[in-house]
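Just so we're clear, the structure is a prediction, and the values are computed from it rather than from any experiment.
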Amino acid sequence: SDGSRIGFGTAGLRSCMEPGPLGMNDLVIVQTTQGLARYCQKVAATRSAAEPDDQKLIAVVGFDHRLNTKFDLSSKSFALLTKLVFLQAGFDCILFDEYVATPMVAYATTEL
């Protein structure tokens with residue numbers, strides 16, 4: 001391995017569900033969510049310094065039908081891991097309990 005990892009683009013992470021740093025898998029999901037949580041906390045802290053705000057950070061997580069039975073990976077399991085990481089980082093987290101289209105997740109974030 002040359003140390004390559006999945007790139008985070010405008011549509012988030014995109015890759016096949018498979019082991020390794022270039023695949024979508026539990027470790028990549030946990031590490032990415034930890035990084036996103038830290039980034040959100042830093043942005044919120046910067047904003048709070050300018051305008052004090054006691055609101056807790058909230059994450060909204062959805063999932064779709066995709067899965068890979070060979071490696072026991074699924075969008076739903078990734079969503080559950082994502083929620084756990086956000087909760088551990090001190091966020092409130094809303095996880096849709098059924099398949100949801102991405103625009104619904106984006107809309108929910110604007111309404112909270």
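Pairs passing the salt bridge (Lys or Arg N to Asp or Glu O under 4.0 Å) check and including a residue from residues 84-104, sequence neighbours excluded, read K56-D92. Residues in residues 15-38 take part in these side chain to side chain donor-acceptor pair (under 3.5 Å) pairs, two or more places apart or across chains: R5-Q31. Residue pairs meeting the side chain to side chain donor-acceptor pair (under 3.5 Å) criterion with at least one partner in residues 68-82, sequence neighbours excluded, are D64-S75, S74-S77. Legend: ring pair (Phe, Tyr, Trp, His ring centres under 6.0 Å) pairs involving residues 67-90, not counting sequence neighbours, sorted by first then second residue: F86-F91.
Both L36 and L57 are members of a single hydrophobic cluster when ILVMFWY side chains are connected at heavy-atom separations under 4.5 Å.
A heavy-atom distance below 4.5 Å is not found between the side chains of R14 and I6. Side-chain contact between P21 and V28: absent, with no pair of heavy atoms (C-beta onward) separated by less than 4.5 Å.
Pairing each heavy atom of V61 with each of C93, the nearest pair is CG2-SG, 3.7 Å. In terms of heavy-atom proximity, G62 sits nearest to A79 at O-CB, 3.9 Å.
In the hydrophobic clustering (ILVMFWY side chains linked at under 4.5 Å, chained through shared members), I94 is joined by I58, V60, F96, V100, M104, V105, L112.
Scored by the ring-ring contact (aromatic ring centres under 6.0 Å, His included) test, Y107 finds no partners at all (sequence neighbours excluded).
Interatomic distance, L80 CG to I29 CD1, rounded to the nearest 0.5 Å: 11.5 Å. One distance of note links CG of L13 with CE of M24; it measures 5.0 Å at 0.5 Å rounding.
Taking a 6.0 Å sphere around CD of Q88, one finds it holds 12 or fewer heavy atoms contributed by other residues, nucleotides or ligands.
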